[in-house]
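Heads up: numbering here begins at 1 and tracks the sequence.
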Amino acid sequence: QVQLVESGGGLVQAGGSLRLSCTASGRTFSTYTMAWFRQPPGKEREFVAGIGGSGGSTVYADSVKGRFTISRDNAKNMVYLQMNSLKPEDTAVYYCAAESSSLIWRGSRPYDFWGQGTQVTVSS
């Protein structure tokens, strides 16, 4: 079982930056693929970025490529999402997710564990 807790959301002006953090419980954190999803107001949840267990593989949604960076620290059971050049369309609830297949899935269904989400609001 893995429990995930996100933090770091908030209100930021367009062009600004935020760093989201996700703290994971459990002794086998490094065996899980981790990902960030987001759900904009009135829309479905969407994939943002994913990272393999060792941190060597990353995948990004086209909409955030070049602006967002996902990373992890397995010694601390943490995964991060550095968000730069934020746009109003990045406004959403951001969720941390974990799955154990070692693949980085863009769909949400394979992910077994989810955090409660953290709100990110980007003003224009």
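- Counted within 6.0 Å of CH2 on Trp105, heavy atoms from surrounding residues, nucleotides or ligands total 12 or fewer; the atom is thus considered open.
- For the pair Leu18/Leu86, a side-chain contact is recorded, criterion being any heavy-atom separation below 4.5 Å from C-beta on.
- Taking the ring axis of Tyr95 as reference, the NZ or CZ atom of Arg45 stays within 45° of it and closer than 6.0 Å to the ring centre.
- Side-chain contact between Tyr80 and Leu20 is absent, with no heavy atoms from C-beta onward closer than 4.5 Å.
- Tested against Tyr60, the residues Ile70, Ile104, Val48 include a single side-chain contact (heavy atoms from CB on, under 4.5 Å) partner, Ile70.
- Between the SG atom in Cys22 and the OH atom in Tyr94 there is a gap of 15.0 Å [rounded to 0.5 Å].
- In this structure, CD on Glu46 lies 11.0 Å from OG on Ser108, to the nearest 0.5 angstrom.
- No donor-acceptor pair closer than 3.5 Å links the side chain of Ser57 to the backbone N or O of Gly52.
- In terms of heavy atoms, Ser124 sits closest to Pro88 at CB-CG, 3.8 Å.
- Val93 is not connected to Leu4 by any chain of hydrophobic side-chain contacts under 4.5 Å among Ile, Leu, Val, Met, Phe, Trp and Tyr, and they are in different clusters.
- Asn74 places no side-chain N or O within donor-acceptor distance of the main-chain N or O of Ser54, the cut-off being under 3.5 Å.
- With rounding to the nearest 0.5 Å, the separation of CZ in Phe37 from CD in Glu44 is 12.5 Å.
- Ser21 places none of its side-chain heavy atoms less than 4.5 Å from the side chain of Lys76.
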Stepwise side-chain contact (heavy atoms from CB on, under 4.5 Å) check, Met78 with Phe29: CA-CA 9 Å; Met78 298 285 294; Phe29 176 71; 5.8 Å; no
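- Atom CZ of residue Arg19 and atom OG1 of residue Thr69 lie 11.5 Å apart, to the nearest 0.5 angstrom.
- Glu89 is linked by a salt bridge (charged side-chain N to carboxylate O under 4.0 Å, His left out) to nothing, counting only residues two or more places apart in sequence or in another chain.
- No donor-acceptor distance shorter than 3.5 angstrom exists from the side chain of Gln13 to the backbone of Ser123, with no hydrogens or angles considered.
- Looking at Met83 and Ser17, their side chains never come closer than 4.5 Å, going by heavy atoms from C-beta outward.
- Distance check, rounded to the nearest 0.5 Å: OG1 of Thr91 to CD of Gln119 gives 7.5 Å.
- The closest side-chain heavy-atom distance from Asp90 to Phe68 is below 4.5 Å.
- Counting heavy atoms from C-beta on, the side chains of Asp112 and Ser100 come closer than 4.5 Å.
- To the nearest 0.5 Å, atom CZ of residue Arg67 and atom CG of residue Asn84 are 9.0 Å apart.
- No side-chain heavy atom of Phe47 sits less than 4.5 Å from a side-chain heavy atom of Trp36.
- Residues Pro110 and Glu99 approach most closely at O-CB, 3.3 Å, considering heavy atoms.
- Leu81 and Tyr111 sit in two unconnected hydrophobic clusters of ILVMFWY residues. Membership requires side-chain heavy atoms under 4.5 Å apart, directly or through other members.
- With a 4.5 Å cut-off on side-chain heavy atoms, Ser71 and Val79 do not count as touching.
- Atom CD of Gln116 has more than 12 heavy atoms from other residues, nucleotides or ligands within 6.0 Å.
- Minimum interatomic distance between Glu6 and Gly115 (heavy atoms only, all atoms of both residues): OE2-CA, 3.2 Å.
- For the salt bridge (charged side-chain N to carboxylate O under 4.0 Å, His left out) test, no residue two or more places apart in sequence or in another chain qualifies with Arg106.
- Taking the charged nitrogens against the carboxylate oxygens, Asp62 and Lys65 do have a contact shorter than 4.0 Å, which makes a salt bridge.
- Checking Asn77, Ile51, Thr33 one by one against Arg72, the side-chain contact (heavy atoms from CB on, under 4.5 Å) holds for a single residue, Ile51.
- When atom types are taken as modelled, the side chain of Thr118 and the backbone of Gly9 share a donor-acceptor pair closer than 3.5 angstrom.
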